[in-house]
Number of protein chains: 2
Amino acid sequence: MSSIAVIQRTFAVLEAVAASGSASAKEVAHRLEIPLPSVYRLLQELVEHGYLVHLKEQRCFELGPKCFDLGLSFRQRLVAPSAIRQATDELHRQVQAASYFAVYRGSDIVLTHLSDCTAHPRLRPLRFGFHEAAHATAFGKILLAGMPAEQRDSYLAARGMPVLTPHTMTNRHQLDAQLHAVAVRGVAWEHEEFLPQKTCAAVPVRNGSGIQVGAMAVSMPSQEAAGREREIEAVLREYAGRCSRYLRSGHPVTAA
Amino acid sequence: MSSIAVIQRTFAVLEAVAASGSASAKEVAHRLEIPLPSVYRLLQELVEHGYLVHLKEQRCFELGPKCFDLGLSFRQRLVAPSAIRQATDELHRQVQAASYFAVYRGSDIVLTHLSDCTAHPRLRPLRFGFHEAAHATAFGKILLAGMPAEQRDSYLAARGMPVLTPHTMTNRHQLDAQLHAVAVRGVAWEHEEFLPQKTCAAVPVRNGSGIQVGAMAVSMPSQEAAGREREIEAVLREYAGRCSRYLRSGHPVTAA
DNA sequence: GGCGGCTTCTCGCCTGACGAGAAACGGAAA
DNA sequence: TTTCCGTTTCTCGTCAGGCGAGAAGCCGCC
C-alpha cells in the first residue's frame, strides 16, 4: 500500500473534520496524532482550496463548498439518463409501487434513480448512491447474478452478508443457488429479506451488446404483492425492455 | 498564497476529473501540464483513498464513493434542523407557495431547506446549497441587509451583481438604499428580479441572542402575489417567529 | 504474432515539507 | 483597562521522501 504521506494526512484531516461535522485544529491533531503545526498547515491548505471553511467565531473547521460540489459532480455523473428516469417514473405509476434503477460502477452497485411518492414510499434505507446489501435486495440479486463469479466473490467477501431481517439469506451456498435460479429465470424476488413486511422484484437491463448493465426493481408491502406476481413481472419486463432498447438505440422508447 | 505543491496538484487532478466527469491519465496530464508519472502517482493515491475509481474497461478515472460521502456529510451538517424544516413545510402549505430557509455560513449564504410541490414548485435555479445571487432574491436581500457593511462589500465584490432579468438591480447604491429599507421594515420583496413572472418575500430569523442568523422566504407567480402582500408578510412573520423561538429555546414551537 | 497505446517501475537528485519552539493574537474574566 | 489563557501563526535548520526521465511491462487490437 503505497502512500504519499502528505496526501495521506491531508485526507485524514479532511475526513476527521467530515466525521466530526465540526472540529478544532487541536481536536484533529489529538485524534490523528499529528503535531499541531502540521495540522494547521494542512487545515489551511484545505481551506485555501475550498474543502474546508474556518468558522472563526466558533474557532473550528467545517466542510467547505468544494465538498458539496464534488458530491454534485458525482451525482450528475451517475444519475440515470432522463429516458431511464422517465421509464422508472412510469413504472412507478403503473405498478403503484416505488421503483428503482441500479447499475454496476466498477466493482460497486449504485442506485442511480428511484421514483416514489407518499402513497408508495421507497424502502427507507434505499437512496441514491452506493448499495451495500446486494444479498438482501431484488435488484442486488439480479446484479450479483450478472457478475463474473470471482467479482461476486470479492464483492461479498468485502461486505459480508449482514442479517437484516429473520428472512435474510446468510448462507453463501443457498445464495449461490438462488442467484443461479435468478440468472436462469431473469427475475429476482425478495420477500422480507431486506425489510420486514416488504417485498421487492427486479429484472435485468442490458446494453446494446446484450451485456447486463443494470436492473429495474419495484418494492411494495408484502400483502400488496400477493397474487400480483405475474402482472408485476410482466410490467417490469416491459419497462426494463424499454430501458434496454434505449441503451441500444440512444433514443427514448415510449411504447411497446 | 501558500501552497504545499503535492496537495495543490492532488486537488487539481481531482477537480480535473470532476470537471470532465471522466478522464484518462493522459488527458489530465496534458490539461494540467504535469508530467505523466506524477499524474499516475496522484491518481493512484486518489483511487487508494476512494476519491476516484479506475474504470479499467474504459481506461479512465471517475469520481469515487468518498466524493459522494463528503457531499452527504456536508448536507447533513448544513441541512436545517427538523423543527425548522417542519415550520418551512407548514409555511408552504399555509401560503400555498414554495418556501425556503437560508442561513449564513462563514461569509456565504446557504439555502438549508426548501419545501415545494408540483402545484407550487420552487424557483428552478434555487436548490439546497450555496446561493450566489443574493442581490436578486428576497432572502438574499434579508441576509445581505443583516451583514456588517464590510462583509457585504466583499460578498458583492466577489460575486458581482449579474443581470438575471430586466428588473434585476445592478446599481450598488440603489441596492444599498433598498437594503437599508429592508433592514428597517424587517421584510424583503423581490419582484421579477430573479426570474420573470415570479415574486418572492422574505423575513429574518434570529437566534437566542437576537442576532439575525437566517431568513425565511416564499416564492410564487407574480399574479398570485398581487393583493396578498399583507397576508403573506403576516404569515411569514408568524413562521419565522416560530423558528426564532425554536432557536432560543431548543424546543419545537407548534402554535403561537 | 506483432504493433501501439496505456500503465507501472527504477533510481539518484534535491526540493520543500517537517516539527520544536517561540512569538503574536484575541477573547474572556477580573 | 489589565491579566490570563488558549488558539493561531511564524522561524529555521534538517533530511525524508517526492520528483521526473527513462525504460520495462502489460493489454487489447489489428
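Proteins get letters first, then strands, A, B, ... in listed order; numbering begins at 1 in each. All values reported here derive from a predicted model rather than from experimental measurement.
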Give the rounded distance in Å between these two atoms: CG of Leu42(A) and P of dA17(C). 11 Å

Which residues share a salt bridge (charged side-chain N to carboxylate O under 4.0 Å, His left out) with Arg172(B), sequence neighbours left out: Asp153(B), Asp176(B)

Taking only N/O atoms, report every protein-nucleotides 6-11 of chain C pair under 3.5 Å with atom names and distance.
residue, atom, partner, partner atom, Å
dC6(C), OP2, Lys26(B), NZ, 2.7
dC6(C), O3', Arg59(B), NH1, 3.4
dT7(C), OP2, Tyr40(B), OH, 2.6
dT7(C), O5', Tyr40(B), OH, 3.0

Distance check needed: dT8(D) P versus Glu27(A) CD, whole Å only. 10 Å

Between P on dC19(D) and CD on Gln8(B), what's the gap in Å once rounded to a whole number? 12 Å

To the nearest Å, give me how far apart CD (Gln58(A)) and C1' (dG6(D)) are. 17 Å

Spacing of Glu45(A) atom CD relative to dG16(C) atom P, expressed in whole Å: 13 Å

Could you check how far CG of Leu43(A) sits from C1' of dA17(C), rounded to whole Å? 16 Å

Test of understanding: with ring-ring contact (aromatic ring centres under 6.0 Å, His included), list the residues that count as partners of His180(B), not counting sequence neighbours. none

Please find the pair of heavy atoms, one from Tyr246(B) and one from Pro81(B), that lie closest to each other, and give the distance. OH-CB, 3.6 Å

What is the separation between atom CD1 on Ile34(A) and atom P on dA20(C), rounded to the nearest whole Å? 13 Å

Evaluate the ring planes of Phe61(A) and Tyr40(A), with Trp represented by its six-membered ring, and classify them as parallel (under 30°), tilted (30 to 60°) or perpendicular (over 60°). perpendicular

Quick one: list whatever passes ring-ring contact (aromatic ring centres under 6.0 Å, His included) with Phe11(A), sequence neighbours left out. His49(B), Tyr51(B)

With sequence neighbours excluded, residues passing side-chain hydrogen bond (donor to acceptor under 3.5 Å, both in side chains) with Arg85(A): none

Over how many whole Å does the gap from Leu32(A) atom CG to dC18(C) atom P extend? 14 Å

Does Arg9(A) have a side-chain nitrogen or oxygen under 4.0 Å from the phosphate oxygens OP1 or OP2 of dG19(C)? yes

To the nearest 10 degrees, what angle separates the axes at the start and end of the helix from dG1(C)-dC30(D) to dA30(C)-dT1(D), five pairs each? 60°

Identify every side-chain donor-acceptor pair in residues 145-152 of chain B under 3.5 Å, counting partners at least two apart or on other chains, and give the distances.
residue, atom, partner, partner atom, Å
Arg152(B), NH1, Leu144(B), O, 2.9
Arg152(B), NH1, Met147(B), O, 3.4

Among all residues two or more places apart in sequence or in another chain, which pass the salt bridge (charged side-chain N to carboxylate O under 4.0 Å, His left out) test with Arg77(A)? Glu62(B)

Keeping to residues at least two apart or across chains, list the side-chain hydrogen bond (donor to acceptor under 3.5 Å, both in side chains) pairs with something in residues 131-145 of chain B. His131(B)-Thr137(B), Glu132(B)-Arg159(B), Lys141(B)-Gln178(B), Lys141(B)-Glu193(B)

Can you identify which nucleotide, out of dC19(D), dC18(C), dG19(C), has its nearest atom closest to the Val6(A) side chain? dC18(C)

